[in-house]
Amino acid sequence: MPREFFARPALQVAPDLLGKVLARYTGGVTIRGRIVEAEAYTGQTDPGSHAFRGCTPRTMVMFGPPGFLYVYFTYGMHYCMNVVTDVDGVAGAVLIRALEPLDGMDEMSRRRGERPDLQLCNGPAKLCAALGVGRQENGADLEGSEIWLEDDGFIVNQVEVTTRVGLSAGDDLPFRFFIAGSRFVSGGRPAKATITRP
DNA sequence: GACCAGATTGTCT
DNA sequence: GACAATCTGGTCA
């Protein structure tokens with residue numbers, strides 16, 4: 001995926017990311033999963049974004065150029081990964097919330113513990129654990145690193161839009177996107193009603 | 001299936 | 001010192 005793809009507002013990138021393939025080379029194996037769920041965080045104007053209160057050491061990556069990874073640690077034990085969007089200086093990001101496993105399920109199971117494919121990557125912290133993504137990957141470039149995105153031509157028929165999951169502010173904004181009918185989406189429920197669009 | 005408590009530490013006030 | 005873009009395992013239907 002070219003860097004220009006990410007050099008757009010998070011609200012445009014998030015739905016476009018659905019159906020794309022996230023790949024990760026680790027432990028001598030390439031792991032792949034199709035993105036089935038994502039949330040947009042629009043930066044300094046978004047009360048739900050870590051970047052809302054400005055640029056800090058933690059949020060610095062989001063203010064940088066697009067096509068990089070923002071990985072944060074939360075609840076004392078979980079990592080979640082975002083793709084940085086928008087141009088340099090604007091703090092947009094898209095949280096990858098769920099994957100449909102395609103390759104390397106053995107490796108995922110080894111990291112996550114034995115469980116059905118449906119439950120390997122159906123949550124932001126789960127997929128980071130499955131791919132072995134942690135603090136070290138914060139700031140990684142999606143171009144020329146061991147994590148990258150592929151477009152295999154998969155066509156997404158219908159996207160559903162809802163409010164975001166787990167927020168205490170900005171939970172009224174319809175910024176969560178997922179592939180309609182996918183059984184691999186996370187169990188987390190949105191704050192309010194769902195909105196569907198063709 | 002729905003609801004709830006507990007884990008555990010980095011980050012910012 | 002409060003709280004977090006979460007997950008898991010428990011209880012009660």
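What you see is a predicted model, and the numbers here were worked out from it, not measured in a lab. Per chain, numbering begins at 1; letters A, B, ... match sequence-line order.
- Remark: A:Arg115, A:Gly123, A:Pro124, A:Ala125, A:Lys126 in residues 113-133 of chain A come within less than 4.0 Å of DNA chain C through at least one heavy atom.
- Note that CZ of A:Phe6 and CG of A:Asp16 are 10.5 Å apart. Values are rounded to the nearest 0.5 Å.
- For residues 35-64 of chain A, the pairs satisfying salt bridge (Lys or Arg N to Asp or Glu O under 4.0 Å) are A:Glu37-A:Arg97, A:Glu37-A:Arg176, A:Glu39-A:Arg97, A:Asp46-A:Arg164, with sequence neighbours left out.
- The stretch residues 33-52 of chain A comes close to DNA chain C through A:Tyr41, A:Gly48, A:His50, each having a heavy atom under 4.0 Å from the strand.
- Looking only at side-chain heavy atoms (C-beta outward), A:Ile179 and A:Val185 stay at 4.5 Å or farther from each other.
- Summarising the geometry, atom CZ belonging to A:Phe175 is positioned 12.0 Å from atom OG1 belonging to A:Thr162; distances are rounded to the nearest 0.5 Å.
- Residue pairs satisfying the side chain to side chain donor-acceptor pair (under 3.5 Å) criterion with at least one member in residues 61-85 of chain A, sequence neighbours excluded, are listed as follows: A:His50-A:Tyr70.
- A:Cys128 contributes atom SG, which lies 12.0 Å from atom CZ of A:Phe73 (distance to the nearest 0.5 angstrom).
- Scanning all heavy atoms of the two residues, the minimum distance from A:Met62 to A:Ala93 falls at SD-CB, 3.6 Å.
- Taking the side chain to side chain contact (heavy atoms under 4.5 Å, CB included) definition, one finds that A:Asp88 meets it with A:Pro65, sequence neighbours left out.
- Applying a 4.0 Å cut-off to non-hydrogen atoms, none of the residues of residues 98-111 of chain A approaches DNA chain C.
- Here the straight-line distance linking atom CG of A:Leu18 with atom OG of A:Ser182 works out to 9.5 Å at 0.5 Å rounding.
- Between A:Val71 and A:Val133, the closest side-chain pair of non-hydrogen atoms falls below 4.5 Å.
- A heavy-atom distance below 4.5 Å is found between the side chains of A:Trp148 and A:Tyr25.
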Take nucleotides 5-13 of chain B nucleotide by nucleotide from the 5' end and write B, S or -, depending on whether a protein heavy atom sits under 4.0 Å from the base, only from the sugar-phosphate, or from neither. --BBBSSS-
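- The salt bridge (charged side-chain N to carboxylate O under 4.0 Å, His left out) test with A:Glu150 singles out one residue from A:Lys20, A:Arg32, A:Arg24, and that residue is A:Arg32.
- Put simply, chain A comes within 4.0 Å of DNA chain C, heavy atom to any atom, from C:dA4 to C:dT8, going 5' to 3'.
- Residue pairs meeting the side chain to side chain donor-acceptor pair (under 3.5 Å) criterion with at least one member in residues 109-127 of chain A, sequence neighbours excluded: A:Thr26-A:Arg111, A:Glu107-A:Arg110, A:Glu107-A:Arg111, A:Asn122-A:Lys126.
- Qualifying salt bridge (charged side-chain N to carboxylate O under 4.0 Å, His left out) partners for A:Asp151, counting only residues two or more places apart in sequence or in other chains: none.
- Helical stems in DNA chain C, defined as runs of 3 or more consecutive Watson-Crick or G-U wobble pairs with donor-acceptor distances under 3.5 Å: B:1-7 with C:6-12, B:9-12 with C:1-4.
- Contact annotation: the side chain of A:Leu167 never approaches that of A:Leu173 to less than 4.5 Å [non-hydrogen atoms, C-beta and beyond].
- Among the heavy atoms of the strands, none lies under 4.0 Å from A:Arg176.
- Remark: A:Asp141 engages A:Arg3 in a salt bridge (charged side-chain N to carboxylate O under 4.0 Å, His left out) (not counting sequence neighbours).
- Screening A:Leu11, A:Val36, A:Val94 against A:Phe177 for a side chain to side chain contact (heavy atoms under 4.5 Å, CB included) leaves a single residue, A:Leu11.
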